[in-house]
Amino acid sequence: IITKFIYLLEEDSDIPVKLRIVIQELLQVASDGEDLGRSLILLDTSGEEETCHCIRANLRVITSPDFTPTRIPSVRSSVLRAMRRFPLSASVHQDGCKLLACVFSIAFDDGDSIPQEEILPEVLETIVLSLAEHKNIAATAAAACSALQNFCVMLSQSDSCDSPGLNNLLLKSLSEVVSTIAIYNRDRDNLEQLTGALQAVCAMREGLALSFETDGTIHLLVAAMNASPDSVQLLRQCIGILGQFFFVSQRTIDFLNDGIVAIIMRFIEKEVDKDDAADAIDIAINIILIISDKGYQGVTALLRHERLVDVVVSCMFKYPNSSSVQCAGTDILTNVSLDNYIRADVCHKGGTSRIIYALQQLRDDTQVVSKAFSALANLASGAEVEILLSPDAPAPVIMVNAMTAHPQNLNVQICGAYSLWALSARSDAFKREIVNAGGAEAIAAAMTRFVASKEMQAKGFVVVWSLAVPRDLKVRMGQCAIEPAINGLAAHMSSEKICEEALGCLKCLSTIAANKELLEDNGAIEAIYSCMWLHTHNQIVCKAALAALCNISVNVETNEVVEITAEDLNAIVVVMRANQTSKPVQESAIILLRNFTFSRNNVHMLEQYQCIVPLVEAAMSNFNDHFRGRAEDVLRVLPSIR
């Protein structure tokens with residue numbers, strides 16, 4: 001018979017394609033030493049041994065290169081029926097699960113052979129029952145898990161993936177796999193198969209991994225990783241499962257210990273340089289991020305691992321173009337930098353450099369940019385000047401460029417402004433670098449564009465205030481920032497905090513004559529008096545307002561004094577009365593009044609307010625202070641009132 005089959009294939013070119021395929025399959029069976037008299041059809045009348053024999057024959061046929069996927073449905077139905085006929089036969093279930101694993105694998109590749117949705121529960125239930133009944137037999141348990149894994153992988157590309165009829169069965173399959181892992185916790189080969197199935201099942205439903213909160217799975221996984229440290233497949237699958245749990249659970253802090261931190265760190269150190277480990281490294285570093293987000297307990301658990309910073313930096317170095325890795329690494333370094341010692345350690349080990357590089361390399365990614373800004377705001381104080389001003393990656397230039405790359409993104413602008421403030425606080429040299437890089441214009445543009453954002457205005461005020469401290473930068477800062485600063489103050493004048501910061505900013509800008517005209521033209525004086533009226537009883541706001549007016553009211557270069565109005569004077573009087581116990585407020589008010597006396601018109605206005613002299617005298621008496629002679633100067637100018 002075999003000879004005739006071979007002759008037909010070689011000599012008769014007119015044989016129909018389907019017949020040719022069947023003959024080739026039969027010859028394949030024969031070549032494996034099978035008797036062609038044995039049928040490939042699983043008969044309901046067959047005994048256990050004959051059924052196993054037939055399943056194995058089908059297994060060899062479907063794994064041959066010439067097998068056509070159109071036969072998959074019939075093969076699948078036959079083997080499922082056989083497994084139900086012999087529920088207690090380990091051999092039938094072992095061979096049947098192997099066959100199903102191959103069938104699911106072919107269906108995944110083919111795409112057209114995936115079971116219909118209505119029979120999916122039957123398929124999954126058969127596999128789960130097989131594992132439940134025969135989990136104590138290693139080979140059968142491994143075969144069942146292989147079938148389960150391939151079933152889930154196959155289903156992941158199907159529209160039937162979310163079928164509600166599978167929910168309870170998936171949860172049951174998860175439980176069976178976990179209990180099987182407990183049996184083979186020292187068997188590396190079986191653990192590889194079991195963890196693969198567990199990962200595939202968890203991927204089917206986001207919430208399935210939550211069952212690990214109560215069933216001890218996390219402990220089993222850590223033990224498995226410790227027991228088989230050289231199994232790359234096992235380690236990667238366990239990391240994947242841990243990620244599925246940590247990404248959804250709200251109780252991760254309950255499972256946080258030195259053991260789980262150490263195993264993740266060791267995994268990264270071992271795998272980070274492997275080109276095919278990108279996905280696993282991504283998961284591992286994001287697990288570390290989740291731990292670092294758990295407050296003091298999480299951070300201290302990580303810091304007990306001495307190579308934490310080295311591990312994180314190595315990931316960021318290996319995957320410079322991965323947004324996920326860069327974001328996670330940046331956030332981790334931010335979270336663990338609790339003090340100057342750790343900040344310096346992060347800098348010395350390359351953490352700050354990697355964040356600056358990420359800000360430059362992934363400048364178009366708003367998430368990376370925002371996180372990098374937040375990190376640099378925290379790390380700038382502990383970073384070395386040589387790193388922040390590196391010729392290859394100067395932080396001020398890179399930070400300003402990143403801000404200007406996303407002018408419409410409010411979060412980027414807020415974070416960018418805050419990080420520039422932190423950098424500018426280092427020294428005047430950094431202030432000049434920022435301004436020379438266009439930082440003044442970038443901040444002013446952000447304040448103008450997002451005038452309705454209180455947080456943007458608050459961050460803008462402090463960085464403008466900081467950058468305007470060096471005298472040589474005041475003119476440029478004034479030209480850029482005076483108008484948006486006054487507009488920001490006007491938009492949020494009801495906020496005491498905004499008023500404090502805005503008034504400090506305006507006071508700093510008003511210390512040179514070149515800015516005074518800009519301040520007057522843009523309505524700074526009116527805005528400052530409005531702050532005083534709104535926050536009469538806030539000593540900090542009133543002191544800041546009076547101090548700013550002291551600077552603006554007199555131009556020493558032109559010997560000009562601002563003309564006071566009755567409304568302005570009323571505001572000063574009300575503030576002095578409301579804050580008689582505040583020496584800073586009284587002193588600033590007296591200095592302002594003295595400045596006004598340099599103008600004859602102002603003196604005439606002051607003479608109309610008989611309450612001014614008693615207020616000045618009360619301040620002198622209350623604090624036993626002449627305020628460096630300024631109070632007496634005011635009183636001498638107003639003799640008629642005295």
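Only a predicted model underlies this, so the values are computations on that prediction, with no experimental measurement involved.
Here the closest non-hydrogen pair linking Ser146 and Ala101 is OG-CB, 3.5 Å. In terms of heavy-atom proximity, Ser228 sits nearest to Leu235 at O-CD2, 3.9 Å. Looking at every heavy atom in both residues, Gly351 comes nearest to Leu333 through CA-CD1, 3.8 Å.
Salt bridge status for Arg304 with Asp258: present, with a side-chain N to carboxylate O gap under 4.0 Å. For Arg188 and Glu192, the salt-bridge test passes: some basic side-chain N is under 4.0 Å from an acidic carboxylate O. Under 4.0 Å is where a charged nitrogen must lie from a carboxylate oxygen, and between Arg343 and Asp339 no such pair does. Here Lys294 does not pair with Asp254 in a salt bridge; the nearest charged N to carboxylate O distance is not below 4.0 Å. With salt bridges taken as basic N to acidic carboxylate O contacts below 4.0 Å, none links Arg85 and Glu48.
Ring geometry, His93 versus His134: the interplanar angle falls from 30° to 60°, so the pair is classed tilted. By the 30° and 60° cut-offs, the orientation of the rings of Phe212 relative to Phe245 is tilted.
Distance check: Ser370 OG to Asn409 CG gives 5.5 Å after rounding to the nearest 0.5 Å. How far CD1 of Ile398 is from OG of Ser390: 8.0 Å, rounded to the nearest 0.5 Å. Between Phe373 atom CZ and Ser419 atom OG the span is 5.0 Å, to the nearest 0.5 Å. Here CD1 of Ile264 is found 10.0 Å from NE2 of His305. Values are rounded to the nearest 0.5 Å. With rounding to the nearest 0.5 angstrom, the CG atom of Asn185 is 11.5 Å from the CG atom of Leu221.
Of the N and O atoms on the side chains of Thr334 and Asn378, not one donor lies less than 3.5 Å from an acceptor on the other residue.
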Could you walk me through whether Gln237 and Leu191 pass the side chain to side chain contact (heavy atoms under 4.5 Å, CB included) check?
-> CA-CA 10 Å; Gln237 289 171 172; Leu191 283 174; over 6 Å; no
Would you check, one step at a time, whether the test side chain to side chain donor-acceptor pair (under 3.5 Å) holds for Asp282 with Ser324?
-> CA-CA 7 Å; Asp282 192 319; Ser324 178; 2.8 Å; yes
Could you walk me through whether Lys172 and Glu125 pass salt bridge (charged side-chain N to carboxylate O under 4.0 Å, His left out), step by step?
-> CA-CA 9 Å; Lys172 184 177 180 181; Glu125 183 178 21; 6.0 Å; no
Where do Ser292 and Asp331 land on the side chain to side chain donor-acceptor pair (under 3.5 Å) test, with the steps shown first?
-> CA-CA 8 Å; Ser292 74; Asp331 276 350; over 6 Å; no
Where do Val222 and Asn257 land on the side chain to side chain contact (heavy atoms under 4.5 Å, CB included) test, with the steps shown first?
-> CA-CA 11 Å; Val222 173; Asn257 54 58; over 6 Å; no
Step-by-step side chain to side chain contact (heavy atoms under 4.5 Å, CB included) determination, Ile241 to Ile218 | CA-CA 9 Å; Ile241 299 166; Ile218 303 302; over 6 Å; no
Does the pair Val311 and Phe267 meet the rule for a side chain to side chain contact (heavy atoms under 4.5 Å, CB included), with working shown?
-> CA-CA 10 Å; Val311 168; Phe267 173 80; over 6 Å; no
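Taking 4.5 Å as the limit, every side-chain heavy atom of Leu379 sits out of range of all side-chain heavy atoms of Cys347. Residues Phe246 and Ile291 are in side-chain contact: their nearest non-hydrogen atoms beyond the backbone lie under 4.5 Å apart. Under the 4.5 Å side-chain criterion, counting only non-hydrogen atoms from C-beta, Leu129 is not in contact with Pro87. Looking at heavy atoms from C-beta onward, Ile288 lies in side-chain contact with Leu308 at the 4.5 angstrom threshold. Within the 4.5 Å cutoff, the side chain of Ile332 has no heavy atoms near those of the Met316 side chain. In this structure, the side chains of Val309 and Ile342 stay at 4.5 Å or more apart for every pair of heavy atoms. Contact annotation: the side chain of Lys274 approaches that of Val232 to within less than 4.5 Å [non-hydrogen atoms, C-beta and beyond]. For the pair Arg266/Asn226, a side-chain contact is recorded, criterion being any heavy-atom separation below 4.5 Å from C-beta on.
Within a 6.0 Å sphere centred on CD of Glu122, other residues, nucleotides and ligands contribute more than 12 heavy atoms. In this structure, Glu206 places its CD atom where only 12 or fewer heavy-atom neighbours from other residues, nucleotides or ligands lie under 6.0 Å away. Around the CG atom of Asp293, the shell of radius 6.0 Å holds more than 12 heavy atoms that belong to other residues, nucleotides or ligands.
Just one of Leu100, Thr51, Ile55 meets the side chain to side chain contact (heavy atoms under 4.5 Å, CB included) condition when paired with Asp95; it is Ile55.
Here Phe317 and Tyr357 keep their ring centres 6.0 angstrom or further from each other.
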Could you pull out every donor-acceptor pair under 3.5 Å between side chains of residues 362-369 and any protein atom, sequence neighbours left out?
| unit_1 | atom_1 | unit_2 | atom_2 | d |
| --- | --- | --- | --- | --- |
| Asp365 | OD1 | Gln367 | N | 3.0 |
| Asp365 | OD1 | Val368 | N | 3.2 |
| Asp365 | OD2 | Ser323 | OG | 2.8 |

